[in-house]
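Working notes for the structure below.
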Amino acid sequence: MKVNTNSNPDARGYFGAFGGRFVPDTLMAPLIELEKAYNELSQKQSFWDEFASLLKNFVGRETPLQYAQRLTEHLGGAKIYLKREDLAHTGAHKINNAIGQILLARHMGKTRIIAETGAGQHGVATATAAAAFGMSCVVYMGAEDMARQEMNVFRMRLLGAEVVPVHNGSKTLKDAVSEAMRDWVSNIADTHYLLGSALGPHPYPRIVRDFQSVIGREAREQILEHEGRLPDSIVACVGGGSNAIGIFSAFINDTNVNLIGVEAGGTAIKPGQHAARFSGGKPGIFQGMKTYILQNADGQAEQTHSVSAGLDYTGVGPEHSMLHDLKRASYAYAYDDEALKAFHLLARLEGIIPALESSHAIAHTCKIAKGLGKNHLLIVNLSGRGDKDIGIVQKYSGEKK
Amino acid sequence: MTATMKQTLTAARAGSKSAFIPFVMAGDPDMATSEKIIIALQQAGADMLELGVPFSDPAADGVTVQRAAERSLNSGATLHGVMELVKKLRSKGVTMPICLFSYLNPVYQLGYENFIKQAQAAGAQGALIVDLPPEEAADYLQATRAHNFETVFLCSPTTSASRLKLVDAASSGFVYYVSREGVTGAQNALPQQLQDKLSALRAGMTNLIAVGFGISTPDQVRQLDGKADGIVVGSALVKLIEENQNDPVETIARSVKKLKNY
């Protein structure tokens, strides 16, 4: 299969064999409208200039690429750099995409923004962008996620967003996505669905990847500045996969750079106990895309579990499925307790409290760093900060005692 | 012998009537009750059946059908179980055409060829796959055409003229017009201009046209009778099943008679 891996999906929205647009008829018109608007807007330099200016002045980019000296010494192997997306405004990479899409929504004349959220970071980013642009905002969030990410619920409400609990299904991210789709088909005239990860029907995987690719472009320049060469490995956690595809995108054609995605291993790689799609899933059609999904033999979505709400998702962005099948990227997983351990380790060694999502990338780095040797340059995408997770970590530490 | 969906709707159009097409979720609340409900539906005058295959993430459905899918899955329903139900219905004298209404992934996992063969062997005439637009349906259509399995595709108020052509070309049983922008579920009033839209579709398409989404009362059915070739009532019946889970059959039969005798 000949695939130019650093390019856009084909005209039908396919990355290799994955992606596409599997939606009911009522969603076709708004998706086609969105695709047209993005194709038009992304041709304009003035759009990218405004986006860049907002990323600099509102989001606070560029984010640092920091040498993690104490972590490196502690692990005694690869030289580790952290791409500090946790320092972006609102505390995670999610704001990059939210700002890009709010400009797109304004261009289309939409005044109402809806979004789904898992851990709440995308919801907070969307509520922030909507507030800054004077648009109304409704965020759908699984009832279980609302309970475990209470602080982000409060933050969204402070920013003027309405947070709607979703009680269907597993009450997590996938159910919030379905609910946002239902809202969208009922309100397409004035509403933009600001999808938060590089997944769903075409053109979302491409739009979100493009807006997140700033992470990779910065990291590439920064590592060349620091080290005079490209890294040997890049490690990023993968829920839907937007932070990972954002940083991978600048290195995909550098085939000497190992790209490693880390999924949620939960408590065990057994049905219902994890969210590692590339370890327990297979290709199928889910929420508008063809991709790897966790499912039972009858094609029903499997229950998922992760300590991290942001990784607790049935499917994965279609570009990751392509990279996986091409073997251009590899996909590992970290268990809940490994992620929790990494959370504490980074706090103690580097003075950084990472999001539980990003802690999965740290956890995998802890496993492989020593074996890679001291000449190995490794970048971890630290996709978000962990303030939102303190309650969960407290609860887990309490249970362990 | 069971007529095709197309024959049934053609007969309705010839009589200037609309075929009455109830939707129920297979396995809601369980397969044994579904069987009784569907037999009662036919006795009450249903002309065709839209039989839901439950899916874990039914993004096109409102809360009523979502809960029905949940009840069905909780009672252990599978796609294979739905096929068994169809087989049983045929053996018990249900003769109206049956259209399976499914999301794509269960069908995709079984394989299009297997799905069609099993559905036909069980006695179904065709299927509507709600999240499979014609643009993604090339492989599916190849398989359905090889087996003369009737296809139904959706269109809605926002479908462009060029896409209406695709929908018409992909459909062989009928075209299903979604009456409004939104998910399945009851609505108080029918959209303005629905009748105009339906007559435009009937004039412009080679397929027959059924209308659904949000049609729930005898009055609404009466308003549309003869304006479409088929009228689908779903959530209103599913709601009755939900409210009368212990013995829904009587209530459903009464309701369908009312809906039919507008």
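We name chains A, B, ... by the order of the sequence lines, and we start the count at 1 in each one.
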So, the side chain of [X] versus the backbone of [Y]: is there a donor-acceptor pair under 3.5 Å, distance only?
X         : Y         : answer
Arg182(A) : Gly182(B) : no
Glu70(B)  : Asn168(A) : no
Asn105(B) : Ile285(A) : yes
Ser56(B)  : Ala301(A) : yes

If you count every heavy atom of other residues, nucleotides or ligands that lies below 6.0 Å from [X] atom [atom1], does the total exceed 12?
X         : atom1 : result
Lys6(B)   : NZ    : no
His80(B)  : NE2   : no
Lys171(A) : NZ    : yes
Lys282(A) : NZ    : yes
Gln192(B) : CD    : no
Gln245(B) : CD    : yes
Asn188(B) : CG    : no
Lys165(B) : NZ    : no

Note: Glu136(B)-Arg12(A) ion pair, threshold 4.0 Å (strictly below) =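 Yes, Glu136(B) and Arg12(A) are salt-bridged.
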Answer yes or no: is there an ion pair linking Arg163(B) with Asp25(A), defined by an N-O contact shorter than 4.0 Å?
->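 Here Arg163(B) pairs with Asp25(A) in a salt bridge, since their nearest N and O are under 4.0 Å apart.
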Could you walk me through whether Gln295(A) and Gln109(B) pass the side-chain contact (heavy atoms from CB on, under 4.5 Å) check?
-> CA-CA 10 Å; Gln295(A) 55 184 316; Gln109(B) 295 307 327; 3.0 Å; yes
To the nearest 0.5 Å, what is the distance between CD (Gln300(A)) and CG (Leu79(B))?
->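 Spacing of CD (Gln300(A)) from CG (Leu79(B)) equals 9.0 Å.
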Checking heavy atoms, do the side chain of [X], its backbone, both or neither come under 4.5 Å from chain A?
X         : answer
Leu73(B)  : side chain
Gln66(B)  : side chain
Val183(B) : both
Phe55(B)  : both
Glu181(B) : both
Leu104(B) : side chain
Pro58(B)  : both
Thr78(B)  : both

Please determine, among Pro134(B), Ser160(B), Ala60(B), Pro133(B), the option with the most heavy-atom pairs under 4.5 Å with chain A.
->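 Highest number of pairs under 4.5 Å: Pro133(B).
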Pairs of heavy atoms under 4.5 Å with chain B: top-ranked of Ser186(A), Ala180(A), Gly169(A), Gly288(A) |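 Counting heavy-atom pairs under 4.5 Å, the top option is Ser186(A).
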Among Pro30(A), Ser170(A), Pro283(A), Ala189(A), the residue with the most heavy-atom pairs under 4.5 Å to chain B is Pro283(A)
Please report the C-alpha distance between Lys174(A) and Asp57(B) in whole Å, then the side-chain angles of each, then the deciding distance to 0.1 Å, and finally whether the side-chain contact (heavy atoms from CB on, under 4.5 Å) criterion is met.
-> CA-CA 8 Å; Lys174(A) 74 177 176 71; Asp57(B) 299 83; 2.7 Å; yes
Check each atom of Phe22(A) against the heavy atoms of chain B and say whether the ones under 4.5 Å are side chain, backbone, both or neither.
->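 Both parts, heavy atoms under 4.5 Å.
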Contact origin within Leu27(A) toward chain B - heavy atom pairs under 4.5 Å = neither
